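Take a look at the structure below.
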Amino acid sequence: MNNRTLAIIKPDAVSKNYIGQIVKMINDGGFKILRMKMVCMSKKSAEGFYEIHKERPFFVELIEFMTSGPCVPIPLEKENAVEDYRKLIGATNPAEAEEGTIRKLYAESLSKNAVHGSDSDENAVKEIAHFFSRDELLNNK
Ligand code: IDP
Ligand code: MG
């Protein structure tokens with residue numbers, strides 16, 4: 001059965017013109033791109049999206065980074081989407097990411113790590129809804 005995950009091309013990768021290369025890797029990985037948009041997250045939106053991390057020491061840095069410029073949220077569909085996309089992006093810290101992964105190729109640091117990926121089916125549903133209405137996810141809208 002197909003399931004979904006949310007990719008985000010983060011502000012560091014957008015500002016370095018890596019959108020094209022990253023989208024190509026997503027395509028080549030066999031994911032269906034359901035939608036795509038470029039947005040500037042407000043502080044409120046970023047704080048809501050990363051609410052699970054609000055007690056972490058890096059939270060303020062994370063919100064500043066995610067609101068520093070436009071990012072590109074992309075809902076994806078594939079069998080085993082969450083796990084397969086996390087394999088494609090590699091470890092959170094690019095220094096630990098496997099060769100050939102998106103973060104190994106395009107991330108510059110643990111915080112500015114090029115892309116987001118949902119960590120469970122449940123969170124994927126919530127994260128996709130953060131950026132896309134139900135209507136927007138229909139084929140004919
Ligand atoms: P993930 O993006 O691989 O799922 P999470 O642990 O969920 O990693 O962290 C969310 C984001 O917060 C990371 O992608 C990264 O941008 C940032 N982050 C995580 N840990 C640190 C840290 O120790 N210092 C600075 N930023 C961090
Ligand atoms: Mg995470």
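As the structure lists them, so they are numbered: ligands from 1, and atoms in each ligand from 1. If you're wondering where the values come from, they're calculated on a predicted model, not measured in any experiment.
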Exercise for review: If you have a sec, work out which protein heavy atom is nearest atom 23 (O) of ligand 1 and how many Å separate them, to one decimal?
Suggested key: L110 CD2, 3.3 Å
Revision key, fill the gap. Atom 2 (O) of ligand 1: closest protein heavy atom, distance to 0.1 Å, is R103 NH2, 3.0 Å
Check your understanding: Between F65 and S111, which heavy-atom pair has the shortest distance, and what is it?
Key -> CE2-O, 3.4 Å
**Study point:** Whether R35 side chain and L138 backbone form a donor-acceptor pair below 3.5 Å
**Key:** yes
**Study point:** Exam field: side chain N113 to backbone N93, donor-acceptor pair closer than 3.5 Å
**Key:** no
Review point. Parallel, tilted or perpendicular: which describes the rings of H53 and F58, with under 30° parallel and over 60° perpendicular?
Key: tilted
Check your understanding: Taking the non-hydrogen atoms of D119, is any one of them nearer than 4.0 angstrom to ligand 1?
Key -> no
Exercise for review: Determine, using heavy atoms of K112 and all atoms of ligand 1, whether some pair is separated by less than 4.0 Å.
Suggested key: no
Exercise for review: Distance to 0.1 Å, residue and atom name: give those for the protein heavy atom nearest to atom 5 (P) of ligand 1.
Suggested key: H53 NE2, 3.7 Å
Check your understanding: For ligand 1, is M66 a contact, meaning one of its heavy atoms is under 4.0 Å away?
Key -> no
Study note, to complete from the structure: One finds that the ligand 1 atoms under 4.0 Å from a non-hydrogen atom of S111 are 15 (C), 16 (O), 25 (C), 26 (N)
Exercise for review: Take atom NZ of K37 as the centre, draw a 6.0 Å sphere, and report whether it contains more than 12 heavy atoms from other residues, nucleotides or ligands.
Suggested key: yes
Practice item. Pick, from N93, I63, N113, the option with the minimum heavy-atom distance to atom 14 (O) of ligand 1. Key: N113
Exercise for review: Could you list the atoms of ligand 1 found under 4.0 angstrom from a heavy atom of E61?
Suggested key: 25 (C)
Check your understanding: On the ring face of F59, is K54 found with NZ or CZ under 6.0 Å from the centre and within 45° of the axis?
Key -> no
Exercise for review: Look at the side chain of N3 and the backbone N and O of E79, then say whether any donor-acceptor pair between them is shorter than 3.5 Å.
Suggested key: no
Check your understanding: When E108 is tested against each of K16, K10, R103 for salt bridge (charged side-chain N to carboxylate O under 4.0 Å, His left out), which residue passes?
Key -> K16
Review point. Counting heavy atoms only, which of I8, T92, D12 comes nearest to atom 3 (O) of ligand 1?
Key: T92
Review point. What protein heavy atom is closest to atom 24 (N) of ligand 1, reported as residue, atom name and distance in Å?
Key: F58 CB, 3.6 Å
Review point. Less than 3.5 Å between some nitrogen or oxygen of R86 and one of ligand 1, yes or no?
Key: yes
Point to revise | Test of ring centre spacing under 6.0 Å for H130 and F49 | key: yes
Point to revise | Under 3.5 Å: N/O of Y50 near N/O of ligand 1 | key: no
Review point. Which is it for L62 and ligand 1 at heavy atoms under 4.0 Å: side chain, backbone, both or neither?
Key: side chain
